[in-house]
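Scope of the values below: all heavy atoms of this structure, side chains included, with no hydrogens, waters or symmetry mates.
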Amino acid sequence: QVQLVESGGGLVQPGGSLRLSCAASGFTFGTYIMSWHRQPPGKERELVAAISQTGTSTSYRDSVRGRFTVSRDNAKNTVWLQMNSLKPEDTAVYYCNAGRFSQNYWGQGTQVTVSS
């Protein structure tokens, strides 16, 4: 049974940091591209960051580049999203995704709220 379980969300003040984790099970983690997506209130889901199977290649949406860092440990079946210098516009539900060819798995999401 495939599972992606996100954790680490919460309420943080502007300028603060959070580290999201996504623990995976039920599939061969190291063969999947892992990515983080978010859905701000009232908006469409958007891609935030992605990391290749080996972790050697990463990509970010422009609005988070330089503030967010995606990483993974294939031995622990875990992917992280380190978020620094958070802004109110980063408020969203954050989702973990595993993708390979036509296979696509999603976590249940974790809420991140940036507010003073």
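- The two residues A92 and Q111 have their closest heavy-atom pair at O-NE2, 3.4 Å.
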Practice task
Please report the C-alpha distance between L81 and T69 in whole Å, then the side-chain angles of each, then the deciding distance to 0.1 Å, and finally whether the side chain to side chain contact (heavy atoms under 4.5 Å, CB included) criterion is met.
Solution key: CA-CA 6 Å; L81 184 67; T69 302; over 6 Å; no
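- Here the side chain of R19 pairs no donor or acceptor atom with the backbone of Q82 at under 3.5 angstrom.
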Practice task
Determine, step by step, whether I33 and Q53 satisfy the side chain to side chain contact (heavy atoms under 4.5 Å, CB included) criterion, reporting the C-alpha distance in whole Å, the side-chain angles of both residues, the deciding distance to 0.1 Å, and the verdict.
Solution key: CA-CA 5 Å; I33 293 171; Q53 292 89 332; 3.7 Å; yes
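- Aromatic rings from F27 and Y32 are positioned such that their centres are separated by under 6.0 Å.
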Practice task
Dump the intermediate steps for side chain to side chain contact (heavy atoms under 4.5 Å, CB included) on L20 and E6, then the final yes or no.
Solution key: CA-CA 7 Å; L20 305 184; E6 299 101 333; over 6 Å; no
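- For the pair R72 and F29, the distance from NZ or CZ to the six-membered ring centre is under 6.0 Å and the angle to the ring normal is within 45 degrees.
- Judged purely by distance below 3.5 Å, without hydrogens or angles, the side chains of T56 and T54 pair a donor atom with an acceptor atom.
- Sorted by first then second residue, the salt bridge (charged side-chain N to carboxylate O under 4.0 Å, His left out) pairs that include residues 105-116, not counting sequence neighbours, number zero.
- Under the 4.5 Å side-chain criterion, counting only non-hydrogen atoms from C-beta, W80 is in contact with D73.
- Taking the centre and axis of the six-membered ring of W106, the NZ or CZ atom of R45 falls inside the cone set by 45° and 6.0 Å.
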Practice task
Take N84 and S17 through the side-chain hydrogen bond (donor to acceptor under 3.5 Å, both in side chains) test and state the conclusion after the steps.
Solution key: CA-CA 4 Å; N84 299 328; S17 297; 3.0 Å; yes
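- Here the shortest heavy-atom pairing between C22 and L4 reads SG-CD2, 3.8 Å.
- In the model, R67 has no side-chain atom that pairs as donor or acceptor with a side-chain atom of S85 under 3.5 Å.
- For the residue pair G109 and V93, the shortest heavy atom distance occurs at CA-CG1, 3.9 Å.
- Remark: side-chain polar atoms of Y60 are paired, donor with acceptor, to backbone N or O of V70 under 3.5 angstrom.
- Of the charged side-chain nitrogens involved, none lies within less than 4.0 Å of a carboxylate oxygen, so that D90 and K87 do not count as a salt-bridged pair.
- Considering only heavy atoms from C-beta on, S57 stays 4.5 Å or farther from I51 through its side chain.
- Between P88 and S115, the closest side-chain pair of non-hydrogen atoms is not below 4.5 Å.
- Taking all atoms of both residues into account, the shortest heavy-atom contact from T78 to A23 is OG1-CA, 4.3 Å.
- The nearest pair of heavy atoms linking R61 to L47 is NH1-O, 2.7 Å.
- With a 4.5 Å cut-off on side-chain heavy atoms, S52 and M34 do not count as touching.
- Remark: side-chain polar atoms of T58 are not paired, donor with acceptor, to backbone N or O of A50 under 3.5 angstrom.
- Judged by a 6.0 Å distance limit and a 45° cone about the ring axis, R38 is not positioned over the six-membered ring of Y95.
- Considering every non-hydrogen atom in both N77 and N74, the closest pair reads OD1-O, 3.1 Å.
- By the rule that hydrophobic residues join a cluster once side-chain heavy atoms approach within less than 4.5 Å of another member, L11 and F68 end up as members of separate clusters.
- You'll find the side chain of V112 stays beyond 4.5 Å of the side chain of T91, heavy atoms only.
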